[in-house]
Amino acid sequence: VRVAPTLAPCAMAEFACASNAGVFIHTPASPHPIAQLPPVASGEEVVWSADGELVGTVVQGGVTIWDCARGYAEVKHIPPLGGSGETAGTGIVKNFYFSPLKTYIV
C-alpha cells in the first residue's frame with residue numbers, strides 16, 4: 001500500500017493497492033476504489049508527487065503520469081528509454097521520483 005502525501009491537515013489521504021488486476025486508488029471514507037490504473041509489478045512502482053497532485057506508475061518499463069485532481073486522467077506516458085534500431089526501448093525504468101517542482105522525473 002502506498003499513501004499519497006497530504007499537505008492540508010483535514011484532507012483525506014488517498015492510498016493505492018497494487019495487484020495483478022491493477023492499481024486501485026482508495027480513500028479511507030469508502031470501501032470502493034475511486035480509480036483504477038493499469039497493473040504494476042509491485043507497490044514500489046507507484047509514486048506520488050510531494051504535493052499529492054500527480055501519481056506516476058511504472059508500466060511495461062516506461063512511466064505513466066496521472067492527474068489526481070482530474071480523476072486520475074493520464075497526463076503523459078514516457079516509453080522505455082535508450083537504444084536505437086533493434087535495441088530501441090531497452091532502457092527500462094524500474095523506479096523514479098518527481099522533482100520538487102514536478103518539472104521532471106528522476
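Since this is a predicted model, take the numbers as computed values, not measurements. Excluded from the calculations below are hydrogen atoms, water molecules and symmetry mates; all remaining heavy atoms, backbone and side chain alike, are included.
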- With side-chain contact (heavy atoms from CB on, under 4.5 Å) as the test, would you mind laying out the steps for V46 and L37 before giving the verdict? CA-CA 10 Å; V46 180; L37 307 176; 5.9 Å; no

- Task: Check the pair N95 / V58 against side-chain contact (heavy atoms from CB on, under 4.5 Å), numbers first and verdict last.
- Result: CA-CA 7 Å; N95 197 357; V58 176; over 6 Å; no

- Message: Run the side-chain contact (heavy atoms from CB on, under 4.5 Å) test on K102 and D51 for me, step by step, so that the C-alpha distance in whole Å, both residues' side-chain angles and the decisive distance to 0.1 Å come before the verdict.
- Response: CA-CA 9 Å; K102 302 176 298 198; D51 61 8; 2.6 Å; yes

- Query: Should I25 and Y72 be marked as a side-chain contact (heavy atoms from CB on, under 4.5 Å) after you check the CA-CA gap, both sets of side-chain angles, and the distance that decides it?
  - Reply: CA-CA 9 Å; I25 309 295; Y72 290 86; 3.3 Å; yes

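A 4.5 Å side-chain heavy-atom check between T27 and I34 finds at least one atom pair inside the cut-off. Between I78 and I105 the shortest side-chain heavy-atom distance falls below 4.5 Å.
Using the six-membered ring where Trp is involved, F24 and H26 have ring planes that are tilted, between 30° and 60° apart.
The 12-atom threshold is not exceeded at CD of Q60, counting heavy atoms of other residues, nucleotides or ligands nearer than 6.0 Å.
I92 and Y97 sit in two unconnected hydrophobic clusters of ILVMFWY residues. Membership requires side-chain heavy atoms under 4.5 Å apart, directly or through other members.
Here H77 contributes atom NE2 and W66 contributes atom CH2; the two are 9.5 Å apart, rounded to the nearest 0.5 Å. Of the inter-residue distances, the one linking F98 atom CZ with Y104 atom OH reads 13.0 Å to the nearest 0.5 angstrom. How far OG of S19 is from CD of Q36: 7.5 Å, rounded to the nearest 0.5 Å. Annotation: the span from D67 atom CG to S49 atom OG amounts to 9.5 Å, rounded to 0.5 Å.
Looking at every heavy atom in both residues, E74 comes nearest to R70 through O-NH2, 4.1 Å. Here the closest non-hydrogen pair linking P28 and F15 is N-CE2, 4.0 Å. Heavy-atom minimum distance, S42 versus A18: C-CB, 4.3 Å. The two atoms that bring G52 and C68 nearest to each other are O-SG, 3.6 Å, heavy atoms only.
Not a single donor-acceptor pair under 3.5 Å links the side chain of T64 to the backbone N or O of T57.
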